[in-house]
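Down below is the structure, laid out as structure tokens.
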Amino acid sequence: MARKHKPSISLTLFICLILCGIACGRFIGDDGSDLVSDGVHSQQEQQRLSPVIRMFSAAEETCEQTYGFMPCTTTILGNLFLIVVYGYLMFLAATFLSSGSELLLEILGPGLIGGLFLPILGALPDAMLILVSGLSGSAETAQSQVSVGIGLLAGSTVMLLTVIWGACVTVGKCDIENHVAKDLQDTKGFSLTGSGVSTDIWTCYAAIIMAVSVLPFLVVQLPQMLNSNSGRHLAVLIALIVSVALLISYCLYQVFQPWIQRRRLAFAKHKRVISGILKHLKMRALGRLCNDDGTINMEVLEKLFNTIDENKDGCLSSSELRALVIGIRFEEINLDENDAVEKVMKDFDTSRDSLISFDEFSYGISRWLDEAKGSRASQAGPGTMKYLEDFHEQTKREHYFLGEQSDEIVEGVDNPRWTTIKAVLLLLLGTVIAAVFADPLVDAVDNFSSATSIPSFFISFIALPLATNSSEAVSAIIFATRKKLRSASLTFSELYGAVTMNNVLCLSVFLALVYARGLTWDFSSEVLVILIVCIVMGIFGSLRTTFPLWTSLIAFLLYPFSLALVYVLDYVFGWS
């Protein structure tokens, strides 16, 4: 991903100093004879004050300091300020974790680190906020604050799949020709159908996985669907087990995905070589390669065989096959010629003597032609060779959408030891900041909600994802501006992966809290929003590899729709 800007630690300390000095409080001496008045003599008088005055005036009850020393306030503006400051600190935590992960990935590459460790770190700020929202105080307090956690979970998911997804399509758009977005070509402006982005096939798989990851939400919601109260606690436990199982499965898939991609790409390259050789033989044939009934023309094939057989010994050797492959010039793919020759030899050499006789050659070409005829792209009849052109175009598209990585320049890492130390320090710093400031941020949101009568869900839905996901969001948008299939694929795969981690890791933490503390699961409207957005965008992303600009409008509209849906279901129909 693109390098992220790393905020200086001095700026963080400066913000902390401001924080410590601005939050107001009062100290009462031990001498109880002197009464102190705060200017508000009763609850009734406080309610009669204008909203502007109430923004600056404190309620009668004193605030509770997090950890016994963190600044606190009971005014609306004070809590709003604390939300901004603590939110910024959580943003720094997410930035440090993302930057450290990026450095570590440069050194260690994908696999166990890139597939298991780093995705978990990316979801750490959200998971930390969800964790502290359910651990605070008594069960009653946790029940009231847990809405902050579900708001963050829903808000992060919706923001990534709507606002950020749509922004990536908008900034990454290229001209669409033949249903494919052309790399670095953007001449059609904001054409709703003529411009857009294309992604590789692996991005479609990531979208499918994301859609499947909502399964625990359906499980935990079953008692409410059936109007049953007795099975709610058991449903939470079953959903937790399913969520943890999906988390483990997803991490294993991430670990083995690079190996799967290499195998799939190698297979696609081999099919590309097959189609190229068949097209080359057709062009060089002195006559028709196939008869009217679709069978191979042995006389023409024998002439082609003799042309390839340079030493005229009646057999084709590896060197002669290599000359054939080099002569075809597969310039559009990053081809390993030795590997290609080895696989072609394996296809033809049934006797395993490292030589290809004419009988083996004719049998192998017949099998290749049958494969071309049976390809899904073939629309031609047996008496025509049109199916070879269809097969050639199909293999070209398959290889393209698998995302050949040769266009990305892999740079060596200077001073890997120092880079490793720097990455580890960034990861530790981000983890510590997230752990320390998650609890006061949740308290500030809860206090602000109480002071303004705004449901804490909406505050956490809108504000907290900006703190915990903005670093990844900005990085994704910047990376999408490269206007290539490779960069677009990585961008959207990262978005789908972040949502998947929300749906399995963060939900696992949330469900564990609800089950362990005996809290009530009553989030029907929030679950419905997550299901709608994930399933709609999951189906959208799994069924297509090219997204015209009009698809971004659908994504953008889903965000206000989600907010409105929760409000209507909760406060009009009383779902929660």
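Note that the numbering runs from 1 along the sequence shown for the chain.
- Distance check, rounded to the nearest 0.5 Å: CZ of F461 to CD of E526 gives 9.5 Å.
- Looking at every heavy atom in both residues, A438 comes nearest to L129 through O-CD2, 3.5 Å.
- The shortest distance between side-chain heavy atoms of Y496 and C204 does not fall below 4.5 Å.
- Ring geometry, F523 versus F510: the interplanar angle exceeds 60°, so the pair is classed perpendicular (tilted spans 30 to 60°).
- S99 places no side-chain N or O within 3.5 Å of a backbone atom of F96 that could act as its donor or acceptor partner.
- Although no hydrogens or angles enter the test, the distance criterion places a donor-acceptor pair under 3.5 Å between the side chain of T481 and the main chain of I478.
- Put simply, the side chain of L160 reaches to within 4.5 Å of the side chain of N502, judged on heavy atoms.
- When side chains are defined from C-beta on, T193 does not count as touching L549, because their heavy atoms never get closer than 4.5 Å.
- Going from atom CZ of F492 over to atom OG1 of T545 covers 12.0 Å, rounded to the nearest 0.5 Å.
- Interatomic distance, I241 CD1 to Y515 OH, rounded to the nearest 0.5 Å: 8.5 Å.
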- [ ] Could you give me the CA-CA distance, side-chain angles and deciding distance for F561 and I532, then say whether side-chain contact (heavy atoms from CB on, under 4.5 Å) is met?
- [x] CA-CA 10 Å; F561 168 79; I532 290 176; 4.3 Å; yes

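- Using modelled atom types, no side-chain atom of S198 and backbone atom of V180 make a donor-acceptor pair closer than 3.5 Å.
- S456 and S147 share a side-chain donor-acceptor pair at under 3.5 Å.
- A donor-acceptor pair is defined here as one N or O able to donate and one able to accept, closer than 3.5 Å; such a pair exists between the side chain of S542 and the backbone of I539.
- Here the side chain of R544 pairs a donor or acceptor atom with the backbone of T546 at under 3.5 angstrom.
- Inspection of the S493 and T203 side chains reveals an N or O donor paired with an N or O acceptor under 3.5 Å.
- In terms of modelled atom types and a separation under 3.5 Å, the side chain of S156 and the main chain of L153 share no donor-acceptor contact.
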Note to self: Let's go through S195 and D175 carefully: what are the C-alpha distance in whole Å and the side-chain angles of both, what is the deciding distance for side chain to side chain donor-acceptor pair (under 3.5 Å) to 0.1 Å, and is it a yes or a no?
What the structure shows: CA-CA 4 Å; S195 61; D175 296 343; 6.0 Å; no

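- Although no hydrogens or angles enter the test, the distance criterion places no donor-acceptor pair under 3.5 Å between the side chain of S243 and the main chain of A239.
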Take L429 and L97 through the test side-chain contact (heavy atoms from CB on, under 4.5 Å) and record every step on the way to the result. CA-CA 8 Å; L429 182 59; L97 287 169; over 6 Å; no

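- The backbone N or O of D443 sits less than 3.5 Å from a side-chain atom of N447, completing a donor-acceptor pair.
- Proximity of S562 to L565: side-chain heavy atoms (C-beta onward) are nowhere separated by under 4.5 Å.
- Between the K484 side chain and the K182 main chain, no donor and acceptor come within less than 3.5 Å of each other.
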With a 3.5 Å cut-off and sequence neighbours excluded, list the donor-acceptor pairs that the side chains of residues 213-227 form with protein atoms.
residue	atom	partner	partner atom	Å
S213	OG	M210	O	2.5
S213	OG	N503	ND2	3.0
Q221	OE1	W521	NE1	3.1
Q221	NE2	S524	OG	2.6
Q224	NE2	W521	O	2.7

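- Atom OG1 of residue T520 and atom NE2 of residue H233 lie 10.0 Å apart, to the nearest 0.5 angstrom.
- Taking CD1 from I201 and OG from S489, the interatomic distance works out to 10.0 Å, rounded to the nearest 0.5 Å.
- Considering all non-hydrogen atoms of both residues, S460 and G151 come closest at OG-CA, 3.3 Å.
- Between the side chains of T468 and D126, at least one donor-acceptor pair of N or O atoms lies under 3.5 Å.
- Taking both residues in full, the closest heavy atoms of S487 and R482 are given as OG-CB, 3.6 Å, listed atom of the first, atom of the second, then distance.
- Looking only at distances, a side-chain donor or acceptor of S449 sits under 3.5 Å from a matching main-chain atom of I454.
- Taking the six-membered ring where tryptophan is involved, the planes of F540 and F547 are tilted, since the angle between them lies from 30° to 60°.
- Within the 4.5 Å cutoff, the side chain of Y559 has no heavy atoms near those of the L161 side chain.
- M70 has its side chain within reach of F437: a pair of non-hydrogen atoms, C-beta onward, lies under 4.5 Å apart.
- Ring-plane geometry between Y205 and W202 is classed as perpendicular, the angle between the planes exceeding 60 degrees on a 0 to 90 degree scale with a lower cut at 30.
- Nearest heavy atom pair, residue L485 against residue D200, reads CD2-CB, 4.1 Å.
- Closest non-hydrogen pair, I164 versus A473, comes out as CD1-CB, 3.5 Å.
- Within the 4.5 Å cutoff, the side chain of Y567 has no heavy atoms near those of the F457 side chain.
- With sequence neighbours left out, K483 forms a salt bridge (Lys or Arg N to Asp or Glu O under 4.0 Å) with D186.
- P440 is not listed as a side-chain neighbour of L82, based on a closest heavy-atom distance of 4.5 Å or more.
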L240 vs S508, side-chain contact (heavy atoms from CB on, under 4.5 Å): CA-CA, chis, key distance, verdict: CA-CA 6 Å; L240 174 60; S508 296; 4.3 Å; yes

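- Put simply, CH2 on W165 and CG on L558 are 10.0 Å apart, with the number rounded to the nearest 0.5 Å.
- Nearest heavy-atom pair, V197 versus A488, reported as atom, atom and distance to 0.1 Å: CB-CB, 4.5 Å.
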*Decide side-chain contact (heavy atoms from CB on, under 4.5 Å) for L464 and L441; before the verdict, give the C-alpha distance in whole Å, the side-chain angles of both, and the deciding distance to 0.1 Å.*
CA-CA 9 Å; L464 295 190; L441 177 56; 3.7 Å; yes

